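Small disclaimer: the values here were computed from a predicted structure and weren't measured. Just follow the structure's listing: the first ligand is 1, and inside any ligand the first atom is 1.
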Amino acid sequence: MDKVVIFDTTLRDGEQAAGGSLNINEKLEIARQLEKLGVDVIEAGFPATSPGDFEAVKLISKEIRNPVICGLSRAVANDIDRAGEALKGAKHPRIHVFVSSSDIHILHQLKKSREEVLEMARNMVKHARGYVEDIEFSPMDASRSNPEFIYQMLEAVIDAGATTLNIPDTVGYSIPDEFGRLIDGIFKNVPNICKARISVHCHNDLGLAVANSLAAIKNGARQVECTVNGIGERAGNASLEEIVMILKTRSDLFDVTTGINTEQIYKTSRLVSELTGFPVQPNKAIVGGNAFRHQSGIHQDGMMKMPRTYEIIDPKTVGVPGSSLVMGKLSGRHAFKERLSELGYNPGDADFDRIFAAFKELADKKKEVTDRDIESLVAEEKRVGTVTESYRLDRLQVTCGDKGVPMAAVRIVCNDGRTMADAALGTGPVDAVYEAINRLVQVPNKLTEFTVKSVTEGIDAIGEVLIRIESNGITYTGRGADTDIIVASAKAYLNALNRLLSSRIMS
Ligand code: MN
């Protein structure tokens with residue numbers, strides 16, 4: 001069977017999504033998980049866009065050895081030089097050069113002629129070959145370009161040394177038949193096409209990113225660019241987990257395989273959602289919270305008699321933890337360690353001690369501690385490790401109700417051990433807490449998003465708060481979890497502020 005190369009762009013296109021903001025440690029953590037998932041190529045960033053992207057690509061190149069590490073670059077010498085520089089330490093480096101091919105883009109954005117663009121493409125692919133052997137080239141907005149011009153451009157860049165040709169549906173405009181024909185046309189009309197692999201990069205503006213990618217595979221494409229949970233610019237990219245599971249589940253129709261270890265899918269999805277702050281909708285295929293829950297009585301009856309009656313994928317195949325053993329306050333260290341390991345976490349001793357202490361504290365408040373609770377605890381503890389904590393919440397007290405003025409008193413600990421305390425009024429308890437923190441920390445910012453959700457059912461559930469704040473045009477995400485949602489809100493706000501402050505220190 002032919003192999004379809006899985007090119008993951010979660011760290012580039014996915015992170016480009018509005019509100020996405022990962023720090024370098026988080027990018028590395030996602031890259032490590034993508035390696036475990038078995039992706040063939042990781043597009044780690046766009047080095048020329050910012051020092052942060054450059055450093056992330058450099059670090060991932062050094063640390064992640066199995067997959068190809070790719071850096072994106074415009075067809076501009078300076079961009080390519082930055083990409084080449086960032087990828088220097090990579091074991092398998094790839095530079096991905098793109099230039100627009102549609103008249104709409106060429107005339108209105110680049111203000112050049114087709115001939116000039118063709119020349120740029122050819123020269124810049126050659127330039128990139130000065131750094132690496134493995135070159136990918138994308139004619140941006142290919143699906144709205146003149147096919148004859150695409151053929152011409154592809155032929156030229158293959159001669160210049162491109163080895164993967166990526167056909168993007170940049171604006172998510174194509175429909176499957178049409179996109180499939182475009183790929184077929186390329187195979188039939190580009191004379192030297194046998195020297196390169198065809199890839200596709202589909203966007204989901206009309207909800208067709210996955211369908212278009214499959215149409216391309218049917219027509220001979222052998223690399224798919226996709227993201228975990230389908231995140232990305234605007235409506236997002238083709239979702240990795242859907243593509244992979246369609247190819248696996250319907251292998252009767254697609255005679256291809258992938259190198260993905262599907263049992264890592266669920267964990268990867270959770271990690272990306274947690275770190276990017278983009279929740280997964282409950283009805284999302286493969287990784288949504290309801291994807292394997294059967295509600296109808298007839299379906300439940302069928303499932304009990306024989307799972308295959310209503311289940312086309314065994315949830316274990318994608319690593320969804322079995323509905324499990326519930327832990328409680330009598331559970332000991334050993335059992336807890338075992339459970340963590342079953343969920344895919346193997347923390348070192350110091351981390352384990354902290355997570356276990358948090359678990360015991362939670363078990364005192366909550367009778368049953370489920371897998372989701374444990375995932376939330378681990379995430380909460382991990383936040384300490386990935387962000388430099390300038391401030392940590394120490395004490396918090398609020399008064400609120402339908403009469404009277406909401407008021408909060410807050411004490412925080414600074415990283416030099418000093419404590420600071422203050423109180424403030426607000427329109428509600430969360431507002432009062434944020435006001436009090438503002439008085440202490442004094443970092444101007446604007447709150448742009450605030451969501452609370454409960455981790456599990458039940459009145460004693462852990463509440464997870466996700467917030468986004470904006471400062472100087474940059475968005476910072478913050479998360480916090482606690483059985484008390486006001487405490488969770490305070491933790492989330494401090495988490496966002498810590499991110500903001502540590503990014504200032506770095507730049
Ligand atoms: Mn894109």
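- Distances from the Mn ion (ligand 1) to each N, O or S atom of Asp13 single out OD2 as the nearest.
- A cation-pi arrangement, defined by a distance under 6.0 Å to the six-membered ring centre and an angle within 45 degrees of its axis, is absent between Arg499 and Tyr476.
- Of all N/O/S atoms in His203, NE2 sits nearest the Mn ion (ligand 1).
- Ser138 and His96 share a donor-acceptor pair across their side chains, judged by distance under 3.5 Å alone.
- Side-chain contact, Gln33 with Thr268: a donor N or O sits under 3.5 Å from an acceptor N or O.
- Between the side chains of Ser145 and Ser101, a donor-acceptor pair is found at a separation under 3.5 Å.
- With respect to the Mn ion (ligand 1), His201 has NE2 as its nearest N, O or S atom.
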